[in-house]
Asker: 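Before we start, here is the structure in question, set down as structure tokens.
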Amino acid sequence: MATIESAGIEETDAAVERARRAYPGWRTIAPADRAALLHRLADAIDARRELLAKLEARNAGKPIGDARGEMQMVVDTFDYYAAAPERTLATRSRWPAAWR
């Protein structure tokens with residue numbers, strides 16, 4: 001299995017603060033580049049899907065088939081949101097041509 005550190009209030013607050021500081025940088029990334037990053041994340045999860053499913057099954061005490069299905073849903077979710085800029089921006093003429 002795996003070992004993770006437990007987080008208290010200070011660690012949680014620090015993680016939230018790191019996310020808050022990272023957000024302005026994330027906003028400057030062009031939608032197509034964000035999409036590529038999310039697709040890479042989906043691919044990385046997919047490449048480790050069986051391991052992640054086994055960890056989830058052990059963690060939650062659920063059948064491995066259910067955990068495999070959940071891991072596929074995670075991959076599908078990241079792929080779905082990676083394609084969101086294309087779905088959204090394709091219909092908005094005010095966006096720069098490079099984003100369409």
Side-chain angles (χ1 to χ4, degrees):
M1 207 130 146
T3 303
I4 60 169
E5 299 294 322
S6 87
I9 293 171
E10 293 86 16
E11 294 86 1
T12 303
D13 286 346
V16 170
E17 179 58 24
R18 285 191 302 274
R20 188 192 64 72
R21 286 194 316 264
Y23 181 68
W26 179 252
R27 287 188 66 197
T28 66
I29 298 172
D33 294 334
R34 286 188 208 178
L37 290 169
L38 289 172
H39 280 303
R40 279 180 50 203
L41 177 57
D43 290 344
I45 293 168
D46 195 37
R48 295 163 184 85
R49 187 175 15 164
E50 185 63 20
L51 170 64
L52 294 169
K54 288 177 183 176
L55 290 172
E56 177 61 10
R58 290 178 187 162
N59 177 59
K62 63 179 66 175
I64 188 66
D66 290 355
R68 286 180 180 131
E70 286 183 14
M71 289 305 108
Q72 184 60 55
M73 285 190 311
V74 170
V75 170
D76 292 345
T77 298
F78 280 113
D79 278 333
Y80 174 83
Y81 284 107
E86 292 174 11
R87 289 190 304 273
T88 304
L89 299 176
T91 61
R92 296 186 181 185
S93 60
R94 67 185 179 139
W95 297 104
W99 288 9
R100 286 189 238 138

Asker: Rounded to the nearest 0.5 Å, how far does CD of Gln72 lie from CD1 of Ile45?
Answerer: 10.5 Å
Asker: Which pair of non-hydrogen atoms, one from Ala67 and one from Ala53, has the smallest distance, and what is that distance?
Answerer: CB-O, 3.2 Å
Asker: Could you tell me the separation between the CE atom of Met71 and the CG atom of Asp66, rounded to the nearest 0.5 Å?
Answerer: 11.0 Å
Asker: Could you give the side-chain donor-acceptor pairs of residues 28-41 under 3.5 Å, partners two or more places apart or in another chain?
Answerer:
unit_1, atom_1, unit_2, atom_2, d
Thr28, OG1, Gly25, O, 2.6
Arg34, NE, Trp26, O, 3.3
Arg34, NE, Ile29, O, 3.1
Arg34, NH2, Trp26, O, 3.4
Arg34, NH2, Arg27, O, 3.1
His39, ND1, Asp79, OD1, 2.8

Asker: Which residue pairs pass the salt bridge (charged side-chain N to carboxylate O under 4.0 Å, His left out) test when at least one of the two sits in residues 67-76, sequence neighbours left out?
Answerer: Glu50-Arg68, Lys62-Glu70
Asker: Would you give me the side-chain donor-acceptor pairs under 3.5 Å for residues 7-17, sequence neighbours excluded?
Answerer:
unit_1, atom_1, unit_2, atom_2, d
Glu11, OE1, Gly8, N, 2.7
Thr12, OG1, Gly8, O, 2.8
Glu17, OE1, Arg20, NE, 3.0
Glu17, OE2, Arg20, NE, 3.4
Glu17, OE2, Arg20, NH2, 2.4

